[in-house]
Amino acid sequence: MPDGMNIDYDGLIPNNVGLAEDQRVRKALETWHPGYIDWWKDMGPEGFQESLVYLRTAIGVDPKGWAKFDYVKMPEYKWGILLAPAVEGRTIPFGKHKGELAWQEVPGEYRALLRRLIVVQGDTEPASVEQQRHLGATAPSLYDLRNLFQVNVEEGRHLWAMVYLLHKYFGTDGREEAEELLQRRSGHADTPRMLGAFNEATPDWLSFFMFTYFTDRDGKMQLEALAQSGFDPLSRTCRFMLTEEAHHMFVGDSGVQRVVERTVQAMRDAGINDPYDQAAERKLGVIDLPTIQKKMNLHFSLTLDLFGNEISTNAANAFNAGIKGRYREDKIEDDHDLIGATYPVLRCVDGEIVREEAPALSALNMRLRDDYVKDCESGVVRWNRVIEKAGFSFRLALPHVAFNRAIGEFATIKAGPDGVVMDAAAWAARAGDWLPDAADAAYIDSLMVPVREAGQYASWIAPPRVGIDNKGGDFEYVQIVQ
Amino acid sequence: MIMHNSLDGRVSCNIMQFMEQQMTGPVEKPIIEFRTEPARYRHWRIEIEGPVAHLIMAVDPAGGLVPGYELKLNSYDLGVDIELHDAVQRLRFEHPEVGAVVLRSGREGVFCAGANIRMLGQSSHAHKVNFCKFTNETRLSIEDATAHSGQRYLSAVKGAAAGGGYELALTAAHIMLIDDRKSSVSLPELPLLAVLPGTGGLTRVTDKRQVRRDLADVFCTAEEGVRGKKAVAWRLVDEVIAPSVWDATVAQRAREAAARTDRPTDAQGVKLPWLERKIEGGSITYPHVEVRCDAGLRRAEILVAGPSLPVPGDVATAVALGADFWPLAMARALDDAILHLRTNEAELGLWMLRTRGDAALMLAYDAFLEAHQNHWLMREIRHFIKRVLKRIDVTSRSIVALIEPGSCFAGTLAELAFAADRSAMFVGDRGGEASAMLTVGPANFGAYPMGNGLTRLQTRFLGEAATIERVRASLELPLDAEAAADLGLVTFTYDQTDWDDEIRIMLEERASFSPDSLTGMEANLRFPGPETMETRIFGRLTAWQNWIFQRPNAVGPDGALKRYGSGQQAAFDRQRV
Ligand SMILES: [Fe+2]
Ligand SMILES: [Fe+2]
């Protein structure tokens, strides 16, 4: 039996779940495998399947030294099934089963609920690979190209993680769902991905950084909530996925920061004092600060929609059932059952935004979104420090949660980034100030020219301070073979 | 209270009775209004493109009949269904050119989420039952339009059709489901709410769609429902359609359905104007129908006046009369009276049906309708009268027909006597008035079948074909009390000496019984003989649903309906009953 710490690389599918002894699931996964490879070749990064990419592969699941770096052709990446080590005697941390031993099998009454959560989470993983598949053509450096591919293969692995759960615990339904995860396509008219933000295009690299900062962070929040689950295999899967997700957000966080660094550096070099002088900034071949703010507004607001309705029966059910907890449930000091408790919720009443106490169980989506917004702040503070150090008064800011929303309380109103409610015509007249318009897109697009020489970086982005795996910024992170 | 000035200056008040019951002190009794018209709709839109109508559901979340719930996700309450009922009716009468109706959603991501759960959770039992009954009747009226009116319904399901939403879709002759890997059909009442898909869901799945019973069992316990090809394989829908060709295919199917109609393309529809009604004290007055409510004696008297104008010379004249043509005017008034009394006068447990007028003229109108039964409007009117009579059949009130001198129980109006639980007929004349007569006409032999597929005479004389032939032998002959009793067409006959006393005693005795047991007994005795989908919906399904609606597992403080949305699961009494 595996000890859960080491990974068995002998079979087709690397794993630490004893797949060698689990005939049924191994067969199911081996049957699914060719379809996955086909999907990767069809929908994975376009044009780089033969290139050698300096990728990190997991060799163990313990916190120290679980990664090994080497050149890999992406279709040969060792996608595997990796769960965080089991915790002896783990109990269900919340809800009405609180204190009971965590489930190692799916409880029948929660089967449909669990399957739905896993399918929705699973659907986002390949979706982002599809959204980002054209970005390789315009990467600003080999370093960034490699980071993109690292994110992509790990999203692929996250799909494997969810498919393992479906195959192992959900029988024929699970196998059907696993199959369909390969068939939906981001943005496809007939077979779209399940959630709105995952059907939007990721047209350029600033979008990619914003996506990995904001939208992968939604993934993090969802995984954190599921990592608390009383269904132990889900909890262990999510805990391991979180270690990978951290890198994705690092790519976004540092990516936006490098864009900001480059912009303010260029402005200082050119002696530009007014951060709102877009025309002057653009002449320098950098992305002006107001446009960075607009991109932020867009990705932040799209991502907020992923949290669903503020008041949600499904979320309440999932918590009460012990299936999906709160962010860092284990660090929260309360009764962990929330019966009778309340939580303040922003609601839309007669077109005004008001704060109202709502039953805490029903308000779990709102709570997770609040935690998310807080989590988003840290990067914004860092980016602003760069601007401040360069001596500019401009500050980036997250827009109000009511801005540009399509789901939940604020879907029916129009609010500016400052949260001021206005009529649709007034909003539309100002939309171009707040969200990237066609001219912004065209400008950014004009900057998206590939840079493929080791150590070289596009005009609009600064090199990283340190590279990957202690390599320098001039290391050949991708050996391009086309 | 939500008060709104209606368009014509009348003030109507949309607070349900059950809310009133929660108020303290004497308040003016608010009523639920069944009359409406497209200009007042808050939840539906009718869009007409040539021979195709689109009936679009876009429920206003803030448009609930009473406070306390939001109609999110195209969920509905009685108010939404009142508009649907009106729309279905108007499409039949006002739009002869429409041969196909597409039921669809005006909301993104959802077709219809069914009856609003918070509304059900806060409603009284009586309100839930009335709501379900009316909703069932409306669903059946949609099927009636497809079957008899040449107005074929199609459902275009885009987004989730859950519970009552799928039940609504099921009323169509053809169900299309978008194959976007999200949209599904489901009946999640049992796993989610511990109740039944009570507006025909279970029954239509097995009887209409003929879904195999074990698959139906799986379907009705799977909260998330079924989508894609499986929905077709299980016969839950007729076809699944890819999103890229969705609009084109739906339009194509609608055109194909419309092409099958026998409705005229060039005829003028008949406008259904705002129905005149005057409520004053205990009386409600319509054209041709008068209701007198006696709260003390807990009964209502419904008096229907037969036609008074001569029969129109030709069908064009009848069309020109439109909503004033007696059969249509009478049916509209009687329909509203029934709905009004059922919903707003729950304590009037006994209805007395009376008629007055010229029996010969009544038979002449029947003959006119029959002679022109293939004319689209005359056909509509006959089917409408059929549906009004069916409402009486499923009304939870004791119904007594009183056949007195001056009455007009002939042909169509004689059906009222046959719909009653019992009837009494006056023997001889009264103060110079001619003797009471009952006249059977051709209309009693097939124009107005009941929900069980039989005429009221066939139902009355179940297994007595010979009796029916004897009745037929006296077709169009006025029968006096003795002859009517001899044929078994009336229950009691009393002469002048006994009439007042016997009737008083009979009514007082009836009013003293338990209303629940009366409802149960009457519903059983009214539908002997064969079962149909319709009788199964009203009889079996509704009875089970009403039982479940009374049980703590559904409506107790820890029951599923009460706990829904709280995140807490219901606590069930596990004993099987
Ligand atoms: Fe992921
Ligand atoms: Fe990620």
Side-chain angles (χ1 to χ4, degrees), chain A residues 94-97 109-113 115-116 119-120 123 173 176-177 179-181 183-185 188-196 199 309 311-324 337-341 347-350 358-364 406-409 411-412, chain B residues 60-62 69-70 72-73 75 107-110 113 116-118 121 158 160 162 178-184 186 188 190-194 218-219 221-230 233 240-249 558 560-561 563-572:
Chain A
F94 57 89
K96 74 167 185 172
H97 300 286
E109 59 179 317
Y110 304 135
R111 197 172 195 259
L113 179 63
R115 194 185 66 210
R116 215 161 39 231
V119 168
V120 171
D123 194 61
D173 288 355
E176 272 172 36
E177 295 283 11
E179 205 43 53
E180 295 203 8
L181 285 171
Q183 279 155 20
R184 284 186 283 267
R185 293 284 182 269
H188 194 285
D190 283 349
T191 59
R193 291 291 169 186
M194 297 171 95
L195 301 175
N199 287 308
N309 284 311
I311 300 293
S312 161
T313 299
N314 285 338
N317 289 343
F319 183 88
N320 194 248
I323 301 295
K324 185 178 177 186
D337 65 19
L338 300 182
I339 309 287
R347 307 209 61 175
C348 180
V349 178
D350 300 329
L361 265 176
S362 308
L364 284 162
I407 289 177
E409 287 290 323
T412 54
Chain B
D60 174 1
Y69 54 86
E70 275 182 279
K72 287 186 178 167
L73 298 170
S75 62
R107 296 256 176 266
E108 204 50 47
V110 64
N116 186 276
I117 295 158
R118 284 180 203 278
K158 185 178 179 190
I178 193 167
D179 193 10
D180 60 2
R181 309 192 178 224
K182 288 187 293 200
S183 298
S184 62
S186 65
L190 188 145
L192 210 57
L193 305 170
V218 175
F219 175 62
T221 51
E223 201 183 304
E224 73 276 22
V226 172
R227 61 189 152 85
K229 298 210 165 54
K230 195 197 256 184
V240 287
I241 298 167
S244 54
V245 292
W246 171 253
D247 289 332
T249 311
D558 303 326
L561 274 180
R563 284 210 168 163
Y564 181 79
S566 73
Q568 284 184 269
Q569 279 162 321
F572 292 139

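No hydrogens, no waters, no symmetry mates; every other heavy atom, side chains included, goes into these values. The chains referred to below are lettered A, B, ... by the order of the sequence lines, with proteins before strands, and numbering in each begins at 1. These numbers come from a predicted model, not from an experiment.
- Taken from CG in A:Asn309 to CG in B:Leu73, the straight-line distance is 7.5 Å, to the nearest 0.5 Å.
- Looking at A:Arg115, the atoms closer than 4.5 Å to chain B (heavy atoms on both sides) all sit in the side chain, from C-beta outward.
- Taking B:Arg227, B:Glu108, B:Lys72 one by one and counting their heavy-atom pairs under 4.5 Å with chain A, the maximum is reached by B:Arg227.
- Listed here is the closest heavy atom pair of B:Gln569 and A:Asn320: N-OD1, 3.5 Å.
- Rounding to the nearest 0.5 angstrom, the gap separating the CG atom in A:Asp190 from the CD1 atom in B:Ile178 is 8.0 Å.
- Using a 4.5 Å cut-off between heavy atoms, B:Glu223 contacts chain A through its side chain alone, with no backbone atom that close.
- Ranked by heavy-atom pairs shorter than 4.5 Å toward chain B, the options A:Met194, A:Arg184, A:His188 are led by A:Arg184.
- Heavy atoms only, all atoms of each residue included: A:Ala189 and B:Pro243 are closest at O-CB, 3.0 Å.
- Dense packing is recorded around CZ of A:Arg116, with more than 12 heavy atoms of other residues, nucleotides or ligands lying under 6.0 Å away.
- The minimum heavy-atom distance linking A:Leu361 with B:Gln568 is given by the pair CD1-CG, 4.2 Å.
- If you take CD on B:Glu224 and CG on A:Asp173, they are separated by 7.0 Å, rounding to the nearest 0.5 Å.
- Distance check: A:Glu177 CD to B:Arg181 CZ gives 10.5 Å after rounding to the nearest 0.5 Å.
- At a 4.5 Å heavy-atom cutoff, the contact between A:Ile339 and chain B is made by side-chain atoms alone.
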